[in-house]
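For the numbers below, each heavy atom of this structure counts, side chains included, while hydrogens, waters and symmetry mates do not.
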Amino acid sequence: MPDSSSINDSRIGVQQGEPLRSCLSSTNLDDTIRTTLSLSLTVGDKKRLKSMAMNRGMTIAALVHEWIVEFAGEDN
């Protein structure tokens, strides 16, 4: 796994050798860029999560995003 201090990812403006944490700010990240998160849940929790999202007329990803904004704020 690459060291986070030397990741080269042009999607978020990270250059080789530039510390990743210095590049991760709300001004550098585009909210339209998506990434995949692998998450291990019990079957019951997955069903509950899917049901919660469906009852709100949104995807699981949108529901998780809503929680992140609620608990971490827009700037984090």
Side-chain angles (χ1 to χ4, degrees):
M1 176 170 268
D3 178 1
S4 66
S5 65
S6 63
I7 293 175
N8 186 0
D9 193 336
S10 61
R11 293 175 300 163
I12 60 173
V14 178
Q15 300 304 315
Q16 187 68 32
E18 183 178 5
L20 179 60
R21 64 190 155 278
S22 72
C23 300
L24 294 178
S25 70
S26 59
T27 58
N28 288 352
L29 295 178
D30 182 349
D31 285 340
T32 61
I33 296 174
R34 300 287 180 183
T35 188
T36 301
L37 171 67
S38 179
L39 181 63
S40 178
L41 298 171
T42 65
V43 172
D45 284 348
K46 181 182 176 188
K47 286 179 181 179
R48 289 170 58 190
L49 184 59
K50 192 171 186 176
S51 177
M52 289 172 65
M54 198 169 63
N55 289 339
R56 290 172 173 79
M58 58 178 47
T59 64
I60 291 174
L63 183 60
V64 170
H65 172 74
E66 192 174 87
W67 291 341
I68 291 169
V69 170
E70 179 180 344
F71 292 105
E74 287 286 344
D75 295 335
N76 294 337

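Between Phe71 atom CZ and Glu66 atom CD the span is 10.0 Å, to the nearest 0.5 Å. How far CD of Glu70 is from NE2 of His65: 11.5 Å, rounded to the nearest 0.5 Å. Rounded to the nearest 0.5 Å, atoms CG (Leu37) and CD1 (Ile60) are 11.5 Å apart.
Within the structure, every pair that satisfies the side-chain hydrogen bond (donor to acceptor under 3.5 Å, both in side chains) test and touches residues 39-60, not counting sequence neighbours, is listed here: Thr42-Asp45.
Val43 and Met54 are assigned to two separate hydrophobic clusters, defined by single-linkage of ILVMFWY side chains at heavy-atom distances under 4.5 Å. With hydrophobic clusters built from ILVMFWY side chains whose heavy atoms lie under 4.5 angstrom apart, Val64 shares a cluster with Met52.
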